[in-house]
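In what follows, every heavy atom counts, from backbone to side chain, and hydrogens, waters and symmetry copies are set aside. Counting starts at 1 for both ligands and their atoms, in listed order.
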Amino acid sequence: MCGICACIGNFLCKDFIIDGLKKLEYRGYDSAGISFIDNNALKVIKTVGDIDALSKLAEGVKADAIIGHTRWATHGGVTVENAHPHLSKSGKLAIVHNGVIENYKDLKAQMDVEWKSSTDSEVFVNLIERQKEDCLIRKVISASKKVEGSFAIALLSADGEIVAGRRENPLYIAEVDGGFVATSDLYVLSEKTENYFALENDEFAVLKKSGVEFYDKNGEKIAKKQQKIEKFNKISAKFKNTHMESEIFEAKDVLEKTLDFYLKYGFSTIKIPKNLQEINFIACGTAYHSGLVAAEYFKKIGLPSHTYIASEFRYGNEVLNLNALYVFISQSGETADTIASAKLIKESGCKMLAVTNTQNCFLNQICQNVLPTFAGKEIAVASTKAYLAQVFSLYLFACFLGGRDVKEASDAVSKFEIVDFPDSLTQYALKFKKIIFVGRGLDYITALEASLKLKEISYINSIAIASGELKHGTLALVDNETLVVGILTQQKTREKFLTNLEEVKARGGEILLVSNCIEEGYNCLTLPNCAEDLMPIYSVVPLQIFALKMCKKLGFNPDKPRNLAKSVTVE
Ligand code: F6R
């Protein structure tokens, strides 16, 4: 969360920074700012709002060294004062920071500074300035030893030097057009260069017009190897309204790519415990939901399987099994709670696997055993195509481990079509104050995901519940202002499920059914058919479109849901 971008060189620094911050906006979009040198002094321009607002304020800025930031507030509200960059007491040092300094209150108490903001980042830049060392890089390294928590930082000094460094949060360095760039995300560098350097934990870089130098935590110069940037998807020309829309409509592509890759290369590179007794999934949000679906697939091949919310798992009391495989699912590979859980498992010596959609991410580095997903870059905060890629890849992995044929998977992909969510049903749904999604088995998991998507981007009050649980409490919520969206693709519980819907009807609730069977007496969105286990892939897409249409009808931007950001790099 929060994106930083810094650059130095005789090229269009301001344009590069604005373009870079726009690409980083999905990491946070509460407020934004830049700092640069003007008449030998550091100048800061910052604003509440998005990068377009910043861009207007920064018109006419000419500088050959700039640091910039787009913020998702952690410490301190969304105000201009709390927006980055922050200046040190002397005004000779500016910082942009992504992360959380956990001991900032203690550090703050030791400093005599007239604080301009309530951020931990302002404390960090002052801590750096107070260090006795003789040059900026040594001051930064010295201060980094005194802070607890996570950071990716870029500092600009009034002498025109940029120092960058990181712990736990990502930071990449690259040469672009003869200048040098530090940024939170490789996406900023795509189409600008093919190579980059990845800073490791507690590594630092000095960026000058003449070149870049790298340092370890002891202040020793180190040599680093360049790596290649993967190609990022562009928004497809046909659906270029919003990232979310374009990403939903890439569904078939994603399924085809996943199938092609795993049919061609299989899963033989994945390390599995010899005596595999159990497979467990750990993730957050939408990735947690794909873990829930995956666990059902593995149970079906006879492997005990559990799915855990990472933020619970890391503080829980789970009894670990050395013969289990612990699978961490994460689109970004950066999610703080998932990373922390992976570190715990690593310490225990249990086998681990990362299911990620991002090249060279932290999770891959920790797990050293990776099942890649092929969704391509996902920009919209609400995860859509990545969910499909996770569910489908893990289905194929379960087939592989269970020695099962993948014919049903090939059929499901070849017959896959995007089922639109009709405007008439969207209009109908808009009249309700609450929307409850219900299902059973795999359909319950789709209900969880559909409800998350809806509340995330349209702010409609929504929950999901296993329909058999309704009468144990939640039925009390049902009245004539409630829409119950029932998902029905699993035959084993069909009759029971329909009885649950009747119980809703009897209490005045209205029902919208999403199903591959035609049921009389309901407003129904009909889905095409495929193998029952793969129906979550068919049913989730129209429900993603439902959330998108509700969001647009209510006048919100699906790519920038309030209070959220994409990569959740803080606890
Ligand atoms: C919801 C959503 C989030 C993410 C969650 C985990 O649409 O996108 O719930 O799924 O923050 O993110 P990753 O997969 O990057 O670990």
With a 3.5 Å cut-off and sequence neighbours excluded, list the donor-acceptor pairs that the side chains of residues 386-402 form with protein atoms.
| unit_1 | atom_1 | unit_2 | atom_2 | d |
| --- | --- | --- | --- | --- |
| Gln390 | OE1 | Ser290 | OG | 2.9 |
| Ser393 | OG | Ala389 | O | 2.6 |

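- The distance criterion of under 3.5 Å between nitrogen or oxygen atoms is not met by Gln390 with respect to ligand 1.
- The closest protein non-hydrogen atom to atom 12 (O) of ligand 1 is Thr335 OG1, 3.5 Å.
- For ligand 1, the polar-atom distance check against Gly285 finds no nitrogen or oxygen pair separated by under 3.5 Å.
- Lys22 and Glu25 are not joined by a salt bridge, as no carboxylate oxygen comes within less than 4.0 angstrom of a charged side-chain nitrogen.
- The pair Asp423-Lys553 does not count as a salt bridge, with every side-chain nitrogen at least 4.0 angstrom from each carboxylate oxygen.
- In this view, Lys228 and Asn195 satisfy the side-chain hydrogen bond (donor to acceptor under 3.5 Å, both in side chains) rule, not counting sequence neighbours.
- Closest approach of Lys566 and Val381 over heavy atoms only: NZ-O, 3.3 Å.
- With hydrogens left out, the protein atom closest to atom 11 (O) of ligand 1 is Val568 CG2, 3.8 Å, a heavy atom.
- For ligand 1 and Ser330, the ligand atoms under 4.0 Å from any heavy atom of the residue are 13 (P), 14 (O), 15 (O), 16 (O).
- Nearest protein heavy-atom contact of atom 14 (O) of ligand 1 is Gln331 N, 2.7 Å.
- Atoms of ligand 1 found under 4.0 Å from any heavy atom of Ala287, numbered from 1 in the order shown, are 10 (O), 14 (O).
- Residue-to-ligand polar distances place Glu456 within reach of ligand 1: an N/O pair is separated by less than 3.5 Å.
- Using modelled atom types, one finds a donor on one side chain and an acceptor on the other under 3.5 Å when comparing Ser462 with Ser451.
- Note that Lys257 lies outside the cation-pi zone of Phe374, set by a 6.0 Å cut-off to the ring centre and a 45° limit from the axis.
- Taking any N or O of Thr286, backbone or side chain, at least one lies under 3.5 Å from an N or O belonging to ligand 1.
- Closest heavy-atom approach to atom 8 (O) of ligand 1 among the candidates Ile339, Thr356, Val381: Val381.
- Classification of the Phe298-Phe281 ring pair by plane angle, with boundaries at 30° and 60°, yields tilted.
- Close approach of ligand 1 to Ser332 (heavy-atom distance below 4.0 Å) involves ligand atoms 13 (P), 15 (O), 16 (O).
- Taking the six-membered ring for Trp and thresholds of 30 and 60 degrees, Phe124 and His97 have ring planes more than 60 degrees apart, a perpendicular arrangement.
- Only the side chain of Lys453 comes within 4.0 Å of ligand 1, counting heavy atoms alone; its backbone N, CA, C and O stay farther away.
- Among protein heavy atoms, atom 6 (C) of ligand 1 sits closest to Cys284 O, 3.3 Å.
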